[in-house]
Structures are given as C-alpha cells and as structure tokens.
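Shown next, in structure tokens, is the structure this report addresses.
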Amino acid sequence: MECRLDAGLEELCPVCGDKVSGYHYGLLTCESCKGFFKRTVQNNKKYICAEKQDCRIDQIQRKRCPFCRFQKCLHVGMRLEAVRADRMRGGRNKFGPMYKRDRALKQQRKALIQAGGFRAESCPHLVSSTHQRELSFPGGLHLVPILHSNDCISYQPPSLSSFLPSNSLVATQYQCIPFSNWTIKSEHTKNCMSSHGSAAGTSSDKMYSRPFSPHGPRMPQLVMEFLHCEPDELQLQDKIAVRLLQEQTGWEEQGNPSTLSLMCLMADQTLFSIVEWARTSIFFKKLKVSDQMKLLHSCWSDLLLLDGISRQVLYGREGRLLLVTGQEMELSEIALHAGPILASLVQRGQELVEKLHILKVDRQEFACIKFLILFNPEVKHLEEHQFVESVQEQVEGALLEYTLCTSSHLLGRFSHLLLCLSELRSLSTLVEDYLHCKHLSGEVPCNNLLMEMLHAKCSLA
DNA sequence: GTAGCCTTGAAG
DNA sequence: CTTCAAGGCTAC
C-alpha cells in the first residue's frame with residue numbers, strides 16, 4: 001500500500017546514510033544497521049577501534065570499524081532496550097506510539113513543505129539555512145526551529161504559544177536526540193522516575209532485563225542505577241510544555257513577559273523536574289525529608305546549570321542554546337540583547353560546555369555528576385551525614401571506575417571531570433547572585449520555586 | 001560478520 | 001483481518 005511508503009522511508013539512515021527500511025530499535029534506520037545493532041547487543045559483542053574512536057561511518061566504510069559504528073548507533077539514539085533479552089519474535093513494544101507520532105509528524109511536515117512551496121527533498125545530513133524560519137521571541141530574541149540531523153523543518157505559528165513545543169515537535173526532537181538507556185531493570189528502579197513512557201508495563205517490558213553491558217567498557221552497576229533514575233526527555237518536555245501553557249493565561253493579562261522572565265519560568269519548571277528526579281532517585285529517597293531539603297537547597301543551582309550544560313554538550317549545536325523545550329536560540333542574539341553580566345555568564349557557560357564537549361562527557365558521566373552534586377557531605381547540619389558521605393564515596397568510585405574503563409588516560413579524565421564540576425559550582429554561584437539582583441530589581445517573576453530556593457539558600461548562608 | 005529477505009505475533 | 005518492528009535464516 002502507498003501509505004506504507006510514508007515520508008520516513010525517503011530518509012537516509014542516520015548511522016550510515018543508506019536507505020531506511022523502517023523503524024528499528026527506536027528510530028528509522030537501514031536494514032544493515034538494524035542487523036548490526038541486533039547482533040552486537042544480542043551477542044554482547046566487544047569491539048576495539050584501531051584508530052582514534054572517531055571513524056567516519058558511511059555506507060561504504062560502515063564495515064571497517066564496528067566499534068565506531070556501534071558508538072554511532074547509540075549516539076543517534078538506537079535503543080538497547082528494544083533488543084529483546086528473550087528473543088521473542090513478532091508483536092509490538094513500547095516504542096509503537098512513538099513511531100506513530102513520529103510518522104504523523106513527518107507526514108504533516110511534508111504537507112507543510114509542499115504547501116509552503118519548498119522542495120520536499122530529503123536532507124538528512126545537510127540542512128540548508130534557507131529552510132529555517134525564525135520565530136519571534138518576546139523581548140526581541142528569536143527562536144530557531146530545531147533542525148537536527150534526521151530532521152528538516154519544524155513549523156510553529158509565531159505566537160506566544162509557539163514558545164511551547166507541540167507534541168509533534170516533541171516527537172521530532174525525541175527521535176533526533178539519543179537517549180539510549182542501558183539495560184538492566186532491577187526491582188528498585190520501579191520506584192524511580194519511569195523512563196519508559198506511557199506504554200510501560202506492556203508485555204514486552206519484562207524482556208528488558210539483560211545482565212550484560214553491550215559494548216566496550218563494562219558499566220559499573222551503580223552507573224546503570226543512576227541512568228535508570230534519569231527522567232525521560234520526551235516526558236520532561238511534555239510536562240514543561242503543559243506547565244508553561246498554564247502560565248500563559250497570566251501572561252495574556254499582563255502583556256508579553258520579558259525574555260528573562262520566560263527563561264526564569266522555564267528554569268523554574270526545570271527545577272520542579274530536578275526536585276522530582278531527586279525525590280524518586282536511588283539513595284536520596286531513603287533520606288529524611290529534612291536532609292533532602294537541605295541537600296536540595298544547597299545544590300539546586302548547580303543541578304539547574306548542569307541540566308542546561310549537559311543538554312548543550314549531548315545534543316546542542318555550535319552557536320545555539322538548546323532549551324529544555326527542545327527549541328534553540330542563537331547565542332549571538334543572546335549576546336546582543338543581554339546585559340554585560342548575563343553575557344559574561346553565558347560566555348563562561350559556553351566555555352564549560354566546550355570543555356565538556358572536548359572531553360566527550362556522556363550521559364553516564366553526567367548522571368554520576370548529578371549525584372556527586374546532590375550528595376554533598378559538606379552541607380551543614382545533616383542528620384544523616386554519614387550516609388550522605390558514603391553515597392558520595394560510592395558515586396565517586398563508580399564514576400572513577402567508569403572513566404577508567406572508557407578512557408585510556410587513567411586518572412586524567414576523572415580529575416578533569418572534577419575540575420569541571422568545581423567550575424560549574426563557581427559559575428552557579430554567580431548565576432544565583434545574578435538572579436538575586438534581578439529579583440531585587442523586580443525583573444523576574446516572584447512566588448515560584450526558583451525564588452523559594454534562592455531565598456532558602458540566602459538564609460542558609 | 002554482513003545484509004537482504006523471511007517469519008512471527010501483539011496491537012490496532 | 002492488516003500492519004510492521006521484532007528476531008531468524010542464509011548466501012555471500
């Protein structure tokens with residue numbers, strides 16, 4: 001049937017550029033990369049790169065370096081957990097609804113492109129800037145529709161509501177962003193924030209337990225536990241979109257808010273998600289509420305900053321700021337409109353992003369760093385100080401073990417990460433100071449979690 | 001080991 | 001019933 005050959009199949013495989021044969025393990029890929037991914041994960045293959053672990057993977061050379069090919073599979077977002085541990089054939093898995101949404105979006109976009117007079121050409125790797133349309137952003141800035149490797153154009157009407165992602169936009173972003181989860185689903189992770197979406201609990205879910213690490217380095221158990229506590233980016237975007245939409249009612253009465261106010265609202269919503277993450281995370285949920293409060297009050301700005309920075313490192317593009325909603329802003333535009341203090345903060349943030357980018361810090365390491373930040377034994381008056389200290393030690397141990405497995409530079413990588421962490425902490429202090437000033441001058445919204453945290457920290461100091 | 005084609009089976 | 005993304009098979 002004709003509709004079987006939907007827009008998606010005209011695309012090229014994000015791993016090697018070959019012809020796409022359908023959705024495989026989370027996204028549209030070719031038949032060979034599907035098979036390669038399956039063989040690698042099912043047989044627990046270990047590969048070694050003979051070069052510098054940055055081999056080019058294309059249709060011709062894809063067989064030359066399986067290590068880099070598998071890395072690329074993970075990087076573009078192929079899902080380990082879609083490979084079934086029990087090898088059961090047929091049926092559907094939890095990704096079904098995601099595939100459906102993505103397909104609908106592509107169809108919709110194709111129609112838009114045709115209606116807009118654009119050539120509906122497939123452009124999976126090189127996206128011409130003429131295909132971009134800027135959306136007006138209150139306060140004079142502009143949002144650029146997200147354009148990722150697997151994606152051509154995302155349209156939204158240029159209104160305030162356009163600030164928020166539509167479901168389809170979210171779905172696009174989801175497909176473009178690699179959120180490959182490592183496997184292992186232990187009992188306790190049921191209590192952690194689900195990373196398995198609304199379809200969790202399908203009959204295939206039981207298959208996701210697989211006691212092995214599927215490539216190169218051995219994954220320390222604790223690192224896997226941390227990964228399982230990570231919120232699902234798709235759900236996060238949806239949640240924040242809904243909350244911002246609710247805020248919109250108030251905006252209409254008061255006129256358009258400033259860019260700074262919008263960013264604060266977004267930060268506020270992100271903060272909610274960070275608290276939710278902590279509340280449901282391994283170790284943290286065992287703490288007394290009073291200690292939980294103390295820890296969060298002490299490190300909220302570090303976590304908020306790390307959230308933004310990790311987003312840039314993992315999924316951002318040069319010269320752009322990727323927002324939690326999945327949209328992007330031009331950094332040059334920000335620099336143009338921001339005052340000197342904000343501009344220097346953004347600059348320092350970018351430098352940190354650059355450092356982490358060069359280090360190729362991955363999701364696993366970011367997940368560990370979050371716990372390192374959260375479990376800070378230096379926080380005063382903790383009732384369970386020893387527990388916090390022991391968790392800190394365990395996290396350090398797990399991160400060290402992981403970096404030793406993934407890097408040949410022995411302790412170098414680990415100490416680099418710790419250096420970045422200290423830079424992050426000093427930067428977040430400056431961000432707090434900046435927010436405090438803006439709060440005092442009445443330029444940012446009051447009565448929200450962000451301000452509550454700010455005040456709590458001021459009273460701690 | 002790779003990759004194209006085949007079989008399966010839950011979801012719709 | 002059909003769909004289609006899983007795993008399987010097998011020539012290369």
Side-chain angles (χ1 to χ4, degrees), chain A residues 1-51 55-74 76-107 110 150 167 171-172 174-176 178-185 196-212 214-216 234:
Chain A
M1 256 185 51
E2 188 59 33
C3 46
R4 170 73 180 80
L5 299 163
D6 59 12
L9 298 184
E10 293 162 21
E11 289 187 27
L12 304 183
C13 173
V15 180
C16 70
D18 200 353
K19 201 182 86 186
V20 155
S21 68
Y23 286 92
H24 305 297
Y25 310 110
L27 43 79
L28 289 166
T29 73
C30 69
E31 196 63 26
S32 71
C33 287
K34 165 198 155 189
F36 170 76
F37 190 79
K38 181 185 71 177
R39 286 193 302 276
T40 302
V41 179
Q42 279 183 338
N43 303 323
N44 194 16
K45 296 273 185 201
K46 304 277 194 294
Y47 306 119
I48 294 169
C49 176
E51 301 289 325
C55 303
R56 183 187 163 80
I57 304 298
D58 58 27
Q59 203 178 334
I60 310 292
Q61 304 191 68
R62 65 190 177 199
K63 280 195 266 189
R64 283 179 55 175
C65 181
F67 179 91
C68 291
R69 189 181 189 183
F70 190 61
Q71 290 296 313
K72 193 163 178 191
C73 286
L74 292 174
V76 301
M78 291 183 80
R79 300 296 196 114
L80 293 163
E81 67 268 39
V83 180
R84 296 169 183 171
D86 63 358
R87 301 198 166 198
M88 198 187 80
R89 302 170 77 182
R92 287 278 187 274
N93 65 12
K94 65 184 175 127
F95 294 112
M98 184 180 94
Y99 297 147
K100 199 176 165 186
R101 277 208 282 180
D102 191 64
R103 203 174 268 123
L105 165 77
K106 285 184 160 68
Q107 205 71 46
K110 195 176 169 187
N150 215 3
N167 280 335
T172 313
Y174 187 77
Q175 206 221 313
C176 299
F179 281 98
S180 49
N181 288 320
W182 289 71
T183 47
I184 305 245
K185 190 167 184 176
H196 294 308
S198 54
T202 57
S203 57
S204 342
D205 253 21
K206 63 180 185 293
M207 304 178 222
Y208 299 144
S209 299
R210 211 167 339 102
F212 65 90
H215 78 142
L234 178 66

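To find a chain, count down the sequence lines: A is the first, B the second, and so on, and within it residues start at 1.
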Next on the checklist: With a 4.0 Å cutoff (strictly under), does any side-chain N or O of A:Y99 reach OP1 or OP2 of C:dA6?
Outcome noted: yes
Item to check | Side chain proximity check, A:C55 to A:K72, heavy atoms < 4.5 angstrom | outcome: no
Next on the checklist: Within the 4.5 Å heavy-atom criterion, are A:Y99 and A:L28 side-chain neighbours or not?
Outcome noted: no
Checklist entry - So, is A:Y25 close to the C:dG7 phosphate, meaning a side-chain N or O under 4.0 Å from OP1 or OP2? => result yes
Checklist entry - So, for A:G17 and A:Q59, which heavy atoms are closest and what is the spacing to 0.1 Å? => result O-OE1, 4.2 Å
Next on the checklist: I'd like to know if the side chain of A:N43 reaches the main chain of A:K45, judged simply by a donor and an acceptor atom lying under 3.5 Å from each other, with no hydrogens or angles considered.
Outcome noted: no
Checklist entry - Roughly how many Å is it from CZ in A:R89 to C1' in B:dC6, rounded to a whole number? => result 8 Å
Checklist entry - Of all the nucleotides listed (B:dG9, B:dG1, C:dA6), which has the minimum atom distance to the side chain of A:K45? => result B:dG1
Item to check | d(CZ, A:F37; C1', C:dA5) in whole Å | outcome: 14 Å
Checklist entry - Partners of A:R62 by side-chain hydrogen bond (donor to acceptor under 3.5 Å, both in side chains), sequence neighbours excluded? => result A:D18, A:S32
Next on the checklist: Do A:F95 and A:H24 make a side-chain contact, defined as non-hydrogen atoms from C-beta onward lying under 4.5 Å apart?
Outcome noted: no
Checklist entry - Is the number of heavy atoms from other residues, nucleotides or ligands under 6.0 Å of A:Q61 CD greater than 12? => result yes
Item to check | Rounded interatomic separation in angstrom, taking CZ from A:R64 and C1' from B:dG1 | outcome: 16 Å
Checklist outcome for this item: note: A:D86, atom CG; C:dA5, atom C1'; distance rounded to Å ~ 15 Å
Next on the checklist: To check you understand the geometry: which heavy-atom pair defines the closest contact between A:F37 and A:L74, and what is its length?
Outcome noted: CE1-CD2, 4.2 Å
Checklist outcome for this item: note: A:R92, atom CZ; C:dC4, atom C1'; distance rounded to Å ~ 4 Å
Checklist entry - In whole angstrom, what separates A:M98's CE from C:dC4's C1'? => result 14 Å
Sub-3.5 Å pairs of nitrogen or oxygen atoms, protein against nucleotides 10-12 of chain C:
none

Considering only nitrogen or oxygen atoms on both sides, find all protein atoms under 3.5 Å from nucleotides 2-5 of chain B and state each distance.
from  : atom 1 : to    : atom 2 : distance (Å)
B:dT2 : OP2    : A:R39 : NE     : 3.4
B:dT2 : OP2    : A:R39 : NH2    : 3.1
B:dT2 : O5'    : A:R39 : NH2    : 3.4
B:dA3 : OP1    : A:R62 : NE     : 2.8
B:dA3 : OP1    : A:R62 : NH2    : 3.2
B:dA3 : OP2    : A:R69 : NH1    : 3.0
B:dA3 : OP2    : A:R69 : NH2    : 3.1
B:dA3 : N7     : A:R39 : NH1    : 2.9
B:dC5 : N4     : A:E31 : OE2    : 2.6

Next on the checklist: Rounding to an integer number of Å, can you tell me how far A:F95 CZ sits from C:dT3 C1'?
Outcome noted: 19 Å
Checklist entry - For C:dG8, does OP1 or OP2 lie under 4.0 Å from any side-chain N or O of A:Q42? => result yes
Checklist entry - Phosphate oxygens OP1/OP2 of C:dA6: is one of them under 4.0 Å from a side-chain N or O of A:N93? => result yes
Checklist entry - Given atom CZ of A:R84 and atom P of C:dA5, what is their separation to the nearest angstrom? => result 11 Å
Next on the checklist: Parallel, tilted or perpendicular: which one describes the rings of A:F36 and A:Y47, with boundaries at 30° and 60°?
Outcome noted: parallel
